[in-house]
Amino acid sequence: MEVRSNPAAGNSFDHRRPPAVSSKQQLPSPHSVDTSAVSQRLQKELMALMMSGGDLGVSAFPDGESIFTWIGTVEGGKGTLYEGLSYKLSLRFPLDYPFKPPQVKFETMCFHPNVDQFGNICLDILQDKWSSAYDCRTILLSIQSLLEEPNLESPLNSYAAALWNDKEDYRRMVHKQYFSGEALES
């Protein structure tokens, strides 16, 4: 059915088209995000991490000017195969954080069943088990915990998973990759 305007009836509005919007008037985006609220949340997380994280062997700071890109550090826990090693990670927070998880990758070579050769991490809270209640500290502590307690059911590195039970050979591979000094491709 075609709608035509009827000038005699004084109805010149065309129902097929949305009303014109002037160039100075902006329509709200259906996916608009309050980036200032996200920035405030990240600032609070940064302060909380600075106050307590270092004591726990984790830290993170914005990388450059953007509050949405951080560099984190995770220390291998005492008594673990990663003890004495410090791993650099990149954290990229989406504009709809904390409703979506950040993208987190190892930047330091890490031999681990749940880390691939590109630094991608298989960790449920960074995927389908994400909750907006989690924060940067929780993420870093979870990664630190994952180092000693891998999920061998879903390995990204099957060789590391197969070697996990041979602690001496596994430790050798951890140190070989760590001390090779190769930074990962982003």
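Only heavy atoms go into these numbers, but all of them, side chains included; no hydrogens, no water, no symmetry mates. Just so you know, these numbers come straight off a predicted model, no measurement behind them. Position 1 is the first residue of the sequence, and the numbers go up from there.
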If you compare all heavy atoms of Ile71 against all heavy atoms of Leu91, which two are closest, and at what distance to 0.1 Å? C-CD1, 4.3 Å
CD1 (Ile67) and OG (Ser36) are apart, to the nearest 0.5 Å, by 12.5 Å
Does atom NZ (Lys167) have a neighbourhood of more than 12 heavy atoms from anything else shown, all under 6.0 Å? yes
Asp63 side, atom CG; Lys88 side, atom NZ - distance, nearest 0.5 Å: 7.5 Å
Minimal heavy-atom distance between Glu45 and Cys136, with the atoms involved, is OE1-N, 2.8 Å
Residue pair Glu107, Lys105: steps toward the side chain to side chain contact (heavy atoms under 4.5 Å, CB included) verdict: CA-CA 6 Å; Glu107 296 297 326; Lys105 291 176 72 169; 4.3 Å; yes
Please check if the side chain of Thr80 supplies one atom and the backbone of Gly77 the other of a donor-acceptor pair under 3.5 Å. yes
Output for pair (Leu123 CG, Trp130 CH2), nearest 0.5 Å, gives 10.0 Å
Any side-chain heavy atom of Leu56 within less than 4.5 Å of one from Arg137? yes
Please lay out, stage by stage, how Gln144 and Leu141 fare under the test side chain to side chain contact (heavy atoms under 4.5 Å, CB included). CA-CA 5 Å; Gln144 185 182 53; Leu141 290 171; 3.6 Å; yes
Same apolar cluster (I L V M F W Y, side chains within < 4.5 Å links), Leu81/Leu156: no
Would you please classify the geometry between the Tyr87 ring and the Phe106 ring as parallel, tilted or perpendicular, with 30° and 60° separating the classes? perpendicular
Does CD in Gln127 sit with more than 12 non-hydrogen atoms of other residues, nucleotides or ligands closer than 6.0 Å? yes
What is the minimum heavy-atom distance between Met109 and Gln177, and which atoms define it? CB-O, 3.6 Å
Would you check if there is a donor-acceptor pair between the side chains of Arg41 and Ser39 at a distance under 3.5 Å? no
Any side-chain heavy atom of Met50 sitting closer than 4.5 Å to one from Phe61? yes
May I ask you to test the Leu46-Pro62 pair for a side-chain heavy-atom distance under 4.5 Å? yes
So which heavy atom on Ala161 is nearest to which on Pro155, and how close? CB-CB, 3.7 Å
Please confirm whether the backbone N or O of Val174 pairs with a side-chain atom of His112, one donor and one acceptor, at under 3.5 Å? no
After noting the C-alpha distance and the side-chain angles of Leu95 and Lys100, does the key distance pass the side chain to side chain contact (heavy atoms under 4.5 Å, CB included) rule? CA-CA 9 Å; Leu95 294 177; Lys100 294 279 171 54; over 6 Å; no
Short side-chain donor-acceptor distance under 3.5 Å, Asp135 and Thr138: yes
For Gly79, does its backbone N or O pair with a side-chain atom of Glu83 as donor and acceptor, under 3.5 Å? yes
Looking only at heavy atoms, the pair that brings Thr73 and Ser86 closest together is CG2-OG, 3.0 Å
Begin from the C-alpha positions of Met173 and Leu163 and carry the test side chain to side chain contact (heavy atoms under 4.5 Å, CB included) through to its verdict. CA-CA 9 Å; Met173 284 303 296; Leu163 199 58; 3.6 Å; yes
Can you label the angle between the Tyr170 ring and the Phe111 ring as parallel, tilted or perpendicular, going by 30° and 60°? tilted
Taking the side chain as every heavy atom from C-beta outward, state whether Tyr178 and Cys110 have any atom pair closer than 4.5 Å. no
Using 0.5 Å steps for rounding, measure from the CG atom of Leu85 to the OG1 atom of Thr108. 10.0 Å
Check whether any side-chain heavy atom of Leu89 lies under 4.5 Å from a side-chain heavy atom of Val74, and answer yes or no. yes
Please report the interatomic distance OG(Ser158) to CG(Leu152), rounded to the nearest 0.5 Å. 11.5 Å
Under a 4.5 Å cut-off applied to non-hydrogen side-chain atoms, are Leu146 and Ile121 in contact? yes
Just to verify, which of Tyr134, Phe68, Trp70, Phe99 counts as forming a ring pair (Phe, Tyr, Trp, His ring centres under 6.0 Å) with Phe93? Trp70
Rounding to 0.5 Å, atoms CD (Glu75) and CG (Leu147) come to a distance of 10.5 Å
For the pair Asn114 (side chain) and Ser154 (backbone), establish whether a donor and an acceptor sit closer than 3.5 Å, ignoring hydrogens and angles. yes
Keeping Ser52 on the side-chain end and Ala48 on the backbone end, is there a donor-acceptor pair under 3.5 Å? yes
Closest heavy-atom contact between Ile139 and Ile125? CA-CD1, 4.2 Å
